[in-house]
There are 2 protein chains.
Amino acid sequence: MKSEKISRNTAARAPTLEDVARVSGLSSMTVSRALNTPQRVRPDTVARVMEAVRATGYIPNMLAGGLASKRSKLIAVAVPQINNSMFADTIQAISDELSARGYHMLLCVAGYTHESETEIVAAILSRRPDGVVLTGIHHSPELKKTLLNANIPVVEIWDLTPTPLDMLVGFSHEKIGDAIGQFLLTKGLSRIGMIWTEDRRAAQRKQGMLDRLRQQGQPRIDEVVIPLPATLSLGRQSAQKLFSLKREFDVLVCSSDTLAQGAIMEAEYHGLRVPDDLAVIGFGDLDFAADNKPAITTVRVDRWQIGKEAATLLADKLAGENIDTPIRDIGFSLVERESA
Amino acid sequence: MKSEKISRNTAARAPTLEDVARVSGLSSMTVSRALNTPQRVRPDTVARVMEAVRATGYIPNMLAGGLASKRSKLIAVAVPQINNSMFADTIQAISDELSARGYHMLLCVAGYTHESETEIVAAILSRRPDGVVLTGIHHSPELKKTLLNANIPVVEIWDLTPTPLDMLVGFSHEKIGDAIGQFLLTKGLSRIGMIWTEDRRAAQRKQGMLDRLRQQGQPRIDEVVIPLPATLSLGRQSAQKLFSLKREFDVLVCSSDTLAQGAIMEAEYHGLRVPDDLAVIGFGDLDFAADNKPAITTVRVDRWQIGKEAATLLADKLAGENIDTPIRDIGFSLVERESA
DNA sequence: TTGTACGCGTTATCAG
DNA sequence: CTGATAACGCGTACAA
C-alpha cells in the first residue's frame, strides 16, 4: 500500500480535483463548483480553492468533465482544405469567436469527396463535439443520418439551400454566376475564356453564369479546368493554354482571384493590356485583389463573416437561445475594379 | 424503474459499447477489443461485433476511452495565426500526417504574445492531448513549467535552438538574415529599404542581416514596420512610404513574399524597373513567388516539411519509438530569381 | 479467446 | 452553501 503511494508520487500523476479538495480541506464537489460556477460558492471558499489550485498546479480534465456532463465544449470544423486562401479567414473567424465563447476547435480536413467527409465526420463524432461546422451542403445520405442521429447543432457554410441539415451561413453560388453572366452581357464581353477549379461550388457558379448567358444565345466559351488549390502558377499556365488556342478572347473568367492574378500576369506577358485588350474577372475578393495592378474585378464574399456567424449560431444555440433565422444568406457583391 | 428505461429510450441515448455487447451477445470488453485490437479476437467474433455496430449505429466515445486509457489520440497545435500563408501549409501538413496516424488536431490561435500563448496552452492541456505542437521557441517560464509538468511530447516549430523544450523542427532565422546580408553585399546593394513585420522571428532575421552588413561598415537602412498579417496592400503602402522619403534605394528587403509582391507592384507603378532600378527580396517562397512577374528572389523554407516532420516526430515518439535526432534543422535556400 | 471487476476524473442529483 | 453518492462509457488487469 505504502509503496504504491510512493510509486504514484514518483510517477508525477497529474493532480486531480480530489487533490485540490484535500489540500483545501473541502470536498471535490465544492472545488468543482468553485471552478465552474463560482457564483454559487462562498467567495472565501472560492479563494481557498484557487489557492489550492495554484499550490497543486491543478489542470482540469475535460475528458472526465465532458464524460460526466455530456458537454465537451468542443466544436468540430470540417473544411476541404486548410491551406486555401478562401477558407483561411473563415476558419480564423470561427476559431476567434469560439474561443471567446469558451469552446475549442477540432479542425478536420474533409477533402472534396463525399466518402472522406463521411468518414471524417464519423470519426469526429467520437469526440462528442457539442456542435459541428460543415463546409458545403452536399453530403452523403449516411453522413446526414449519422449527424441527425448525433442530435447536435450543425452549421453548414459557404453555400445556400432552403433545406439545411440544421443551420446555415452562406451565399448562392448560382446567383453569383448569374451576376457574372449579367456583367459579361452588359459589357458586351462575348468571347469567353474560363479558368475553373473542379470543386462543386465553382461548378454551381459556372452553371449560374451559363444559364444567364444562354438567354442571349449560345455563348462561345473555351475552358481550362484545373485541380485545387488554385495558385498563381496555375492561373498563368491556364491562360497560356487558352492563348495557345489562337482564338480571340474578350474576357477571362476565373474561379478565384488567385487564378485571375495569374491570368492577368500572363496576359501582360503576352503583350495584352488588361482590361483594354482583355478583361479578367476573379472570385473571392482575396486580400490582394483590390491592390493588384490592375485591381481585380471580382465577387466579394465576406469570408470572415461566415465564420463569425457560424460560430455565433452554434454558441447561441448551445447556450439555449432561440435561433429565429437559422439560414443566413450573407450575400455577395460584384466589385467592378480595373481588370474588367 | 420501468418508466426510467422508457424515458431513456425515447431520449435516443447514443448507443454504448454495452448496447453493442447486448445485441451481439458478447461482453462489452470483447466488443472493445474487436474494435481496437481485432487481431486479438476471433475473426467471426469480430464479424458479429461489426454487425452489431452497424445495427446499433454505435459511435465510440473517445472521452470515455481517453479517460480510461489516458490516451486521447489528440494533438494540440498552437499557431500565431491561421489565415497566414506562412503557416497554412504547415498546418495542413500536420493535419494530413496526424490523420494518417490516427490522431485528431486541436487547432488553437495563440497570437504573438507570451500571455495569450500561456493561457491557451493551459486551456489546451485540459483536453489531455497526447502531444503538443508550438510555434516558436520563446515561451514564458510558466508555460515551460506547465508543459514540462504535463509530461507529454512537445514539438516546437519554425525556429531553431539547441535547447528546445523537447523536440524541434525548424530553421535558423539569424542564418537566413545573414544569407540575405551576404547576398546584398555580393550584389553591391547598399542603399537598403526594409519592409518588416513585427513578429519575433522576423526580428531575428533582421538582426542576422544587420550583423552581416555591419561587418562592412554601417549600412544605410530605412525601415517601415508593419503589423501582421502581411498583405499585398501593406507591401504597396510601405513601399510608397519609403519612396516618399525621397531617398534612392538599391533594394527593398521584405519580411515576406506578399510584401515583396506589393513592393514590386508599387515600384513599377512609380516607373521603377525591377530589378534594374530597384531590387526586391522576399521571404518564404510562397506559391506565387516563382511565377510572379518579375519572379521574386526569396528565401525558401519548406513549410510543408516542417509540419510533416513535426507530426511524424510526435506520432513516432507516442508509438514508443526512439527519437535519435529530436532537433531537425530543415534549412533554407536563398532562391535568386528575377527581382534581385 | 473471452469475461469480470474496477478505476479513470468529473458532474448531476439529492440530502443536509 | 456544502457534501455524499452515483453515474458517465470505456480500457486495464487479471481470471477463466
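Throughout, protein chains are lettered first and strands after them, A, B, ... in sequence-line order, and every chain is numbered starting at 1.
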Task: Whole-Å gap separating C1' (D:dT2) and CG (A:Leu35) - done: 16 Å
Open item on the list: Please identify which of these residues, B:Leu168, B:Ile330, B:Val169, meets the side chain to side chain contact (heavy atoms under 4.5 Å, CB included) condition with B:Leu160.
Closed with: B:Leu168
TODO: Measure the distance from CZ on A:Arg13 to C1' on C:dG7 and round it to the nearest whole Å.
DONE: 12 Å
- [ ] Could you state the atom-to-atom distance from CZ of B:Arg127 to C1' of C:dG9 in whole Å?
- [x] 15 Å
Open item on the list: Do the side chains of B:Glu51 and B:Arg54 get close enough for a salt bridge, i.e. N-O under 4.0 angstrom?
Closed with: yes
Open item on the list: With rounding to the nearest 0.5 angstrom, report the CD1 to CG distance, B:Ile59 to A:Leu125.
Closed with: 4.5 Å
- [ ] Rounded to the nearest angstrom, tell me the gap between atom CD in A:Glu18 and atom P in D:dT5.
- [x] 12 Å
TODO: Compare the minimum distances between each of C:dT2, D:dG11, D:dT2 and the side chain of B:Ser32, then state the nucleotide with the smallest one.
DONE: D:dG11
- [ ] Please report, rounded to the nearest Å, how far the C1' atom of C:dG3 is from the CZ atom of B:Arg42.
- [x] 14 Å
Task: Inter-residue atom distance B:Ile306.CD1 - B:Asp89.CG, 0.5 Å rounding - done: 10.0 Å
Task: Inter-residue atom distance B:Arg33.CZ - B:Arg42.CZ, 0.5 Å rounding - done: 13.0 Å
TODO: In whole angstrom, give the distance that lies between atom CZ of A:Arg40 and atom C1' of C:dT11.
DONE: 12 Å
- [ ] Answer with base, sugar-phosphate or nothing: what part of the nucleic acid does B:Ser28 contact at a heavy-atom distance below 4.0 Å?
- [x] nothing
TODO: Verify the distance criterion only: is there a donor paired with an acceptor across the side chains of B:Thr90 and B:Trp304 at less than 3.5 Å?
DONE: no
- [ ] List in numerical order all residues of residues 62-73 of chain A for which some heavy atom is under 4.0 Å away from an atom belonging to DNA chain D.
- [x] A:Leu67, A:Ala68, A:Lys70
Distances under 3.5 Å only, N/O to N/O: pair up the protein atoms with those of nucleotides 13-16 of chain D.
none

Task: Sidechain N-carboxylate O distance under 4.0 Å for A:Asp96, A:Lys308 - done: no
Open item on the list: In whole Å, I'd like the distance from the CG atom of B:Asn61 to the P atom of D:dA7.
Closed with: 18 Å
Task: Of the listed nucleotides D:dG3, D:dT2, C:dG9, the one nearest the side chain of A:Ser27 - done: D:dG3
- [ ] Output yes when A:Asp159 and A:Arg200 qualify as a salt bridge under the 4.0 Å nitrogen-oxygen rule, no when they do not.
- [x] no
Task: Gap separating the OG1 atom of A:Thr135 from the CD atom of A:Gln81, nearest 0.5 angstrom - done: 10.5 Å
Task: B:Leu17 side chain, from C-beta outward: closest of D:dG9, C:dT1, D:dG11 - done: D:dG11
Task: For atom CZ of B:Arg128 and atom C1' of C:dT10, their distance in whole Å - done: 11 Å
